[in-house]
Every structure is written in C-alpha cells, then in structure tokens.
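The residues of the chain are indexed from 1 along the displayed sequence.
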Amino acid sequence: MKFLRCGSIPGPVGTLRRPSGPPLYSPGPSDRETGKAPRRCVLLLDDDPSVRRDLGELFRLAGFAVKTFATARELLAYHRPEGPACLVLDVMLPDANGLDVQRHLAKTDPDLPIVLITGHMDDDLRARALGCGAFAFLAKPLEWSALRDEIRQAFAWIS
C-alpha cells in the first residue's frame with residue numbers, strides 16, 4: 001500500500017530509535033496510574049500487516065494510543081476500555097465484510113465513530129457505508145492528512 005505523505009510527518013515511516021537507545025515509544029505508566037484522562041485511542045482493523053504497522057506508527061506520532069487487529073473476529077472479541085476511541089476499518093477483510101462489521105458495531109457500540117477505508121471505492125459502496133452510519137469513507141491509497149483530519153473530527157464529534 002502506498003501512502004501519500006503530507007503535513008508534518010518527515011522521512012520514511014518505520015521503527016524510530018534513538019541513536020543508541022530503546023525505541024522512542026516505550027510503554028510508560030498507564031493513564032489510570034498517573035491520574036490523567038484516558039488518551040484518545042485509534043482502533044485499526046486491516047488485514048495487511050504493512051498498513052497496520054505504518055498507520056499505527058503515524059497515529060502514535062500524532063499522539064494517539066493505537067490498538068491494531070488483523071481480523072474482524074479479533075476486533076469483536078476485544079473489550080474496549082472506557083475512554084474516547086475511533087475505529088479505522090477496512091472494507092475487505094479475510095473473515096468478514098467491513099460494512100457488516102460496521103452495521104453490527106452501530107448497534108452494539110453506537111458511540112464509536114467508524115472511518116471506513118477501501119481500495120475498491122465506488123459510489124454505491126460509499127452511499128451504503130455512509131447511510132449505515134459510517135463517520136467517513138476514504139479511498140486507498142490514503143492521504144495521511146485527510147485520514148488524520150477525519151480522525152480528529154471523529155474525536156471532536158464524540159467529545
């Protein structure tokens with residue numbers, strides 16, 4: 001998958017390391033332990049490991065907590081902790097149709113905004129997704145600034 005880089009994300013995406021130390025984003029104390037409000041979390045479901053890795057890193061660099069999933073089964077088995085969250089959901093999955101997952105979540109977790117992404121965009125699919133309650137629908141290859149803006153708007157919507 002090709003990402004169009006825009007905005008303030010310089011250089012190639014990958015594991016960032018200090019010149020002679022541990023990864024830049026090592027786990028620290030949880031928000032609950034520090035008494036801070038929970039960090040906004042992006043849930044990311046895509047069957048492509050490179051998409052999960054690259055988008056996950058971009059979301060982390062933008063200041064979001066990230067939880068990734070490879071299958072709908074993994075996502076649906078996950079018990080989402082309290083706090084603001086947004087789901088980025090691929091339409092084409094190995095074990096489910098992303099639109100079916102979105103419809104299910106609209107009933108079981110109506111406060112979770114869902115941004116659908118697909119490599120197979122067409123007007124009918126877009127109309128069905130938005131008509132069933134998707135917050136946004138974006139075509140691959142993704143433009144990072146557009147996706148980031150949709151995620152920020154989704155969090156503003158639930159605030």
Side-chain angles (χ1 to χ4, degrees), residues 1-3 5 7-9 12-17 22-119 129 132-159:
M1 166 174 258
K2 176 182 165 191
F3 291 97
R5 274 198 318 242
S8 62
I9 306 297
V13 175
T15 303
L16 300 176
R17 296 190 174 276
L24 289 174
Y25 291 95
S26 60
S30 72
D31 292 332
R32 179 175 289 166
E33 293 168 344
T34 62
K36 293 191 294 187
R39 209 164 54 149
R40 294 174 172 185
C41 183
V42 174
L43 307 174
L44 173 61
L45 171 52
D46 196 298
D47 60 320
D48 184 334
S50 66
V51 171
R52 290 192 309 273
R53 180 193 65 234
D54 293 348
L55 280 182
E57 188 61 27
L58 287 170
F59 285 129
R60 284 181 192 90
L61 288 170
F64 299 108
V66 179
K67 175 72 177 153
T68 62
F69 307 91
T71 65
R73 181 182 309 245
E74 287 177 14
L75 173 72
L76 296 174
Y78 177 69
H79 178 68
R80 183 166 68 90
E82 287 192 35
C86 179
L87 172 62
V88 176
L89 173 62
D90 192 9
V91 172
M92 303 295 285
L93 300 168
D95 64 338
N97 178 305
L99 290 178
D100 294 336
V101 173
Q102 181 227 343
R103 278 189 215 98
H104 173 76
L105 290 172
K107 294 174 189 170
T108 61
D109 196 353
D111 295 330
L112 178 68
I114 299 172
V115 175
L116 284 161
I117 58 176
T118 186
C132 291
F135 186 82
F137 196 70
L138 301 173
K140 294 177 182 177
L142 297 166
E143 183 181 326
W144 166 241
S145 62
L147 177 59
R148 182 190 59 216
D149 291 347
E150 291 295 347
I151 298 300
R152 287 180 177 160
Q153 289 176 20
F155 281 118
W157 176 74
I158 59 176
S159 295

Which residues pass the side chain to side chain donor-acceptor pair (under 3.5 Å) test with R103, sequence neighbours left out?
-> D100
Can you check whether D46's main-chain N or O pairs, donor with acceptor, with R52's side chain at less than 3.5 Å?
-> yes
Nearest heavy-atom pair of V115 and E150: which atoms, and what distance?
-> CG2-CB, 4.4 Å
Smallest separation among heavy atoms of D90 and T118, with atom names | OD1-CA, 4.0 Å
Would you name the heavy atoms of W144 and A62 that are closest together and state the gap between them?
-> CZ2-CB, 4.1 Å
Closest heavy-atom pair, L89 versus G98, reported as atoms and distance to 0.1 Å, is CD2-O, 3.3 Å
Can you see which heavy atom on L116 is nearest to which on A134, and at what distance?
-> CD1-CB, 3.8 Å
Indicate the atoms forming the closest heavy-atom contact of Q102 with C132, along with that distance.
-> NE2-O, 3.1 Å
Would you call the rings of F135 and W157 parallel, tilted or perpendicular, where under 30° means parallel and over 60° means perpendicular?
-> tilted
Salt bridge (charged side-chain N to carboxylate O under 4.0 Å, His left out) against D149, all qualifying residues, sequence neighbours excluded = none
Taking C-beta and beyond as the side chain, do L87 and L75 meet within less than 4.5 Å on heavy atoms?
-> yes
Any donor and acceptor pair, going by atom type alone, linking the side chain of R60 with main-chain N or O of G56 inside 3.5 Å?
-> yes
Apply side chain to side chain donor-acceptor pair (under 3.5 Å) to R80 and list each qualifying residue two or more places apart in sequence or on a separate chain.
-> D109
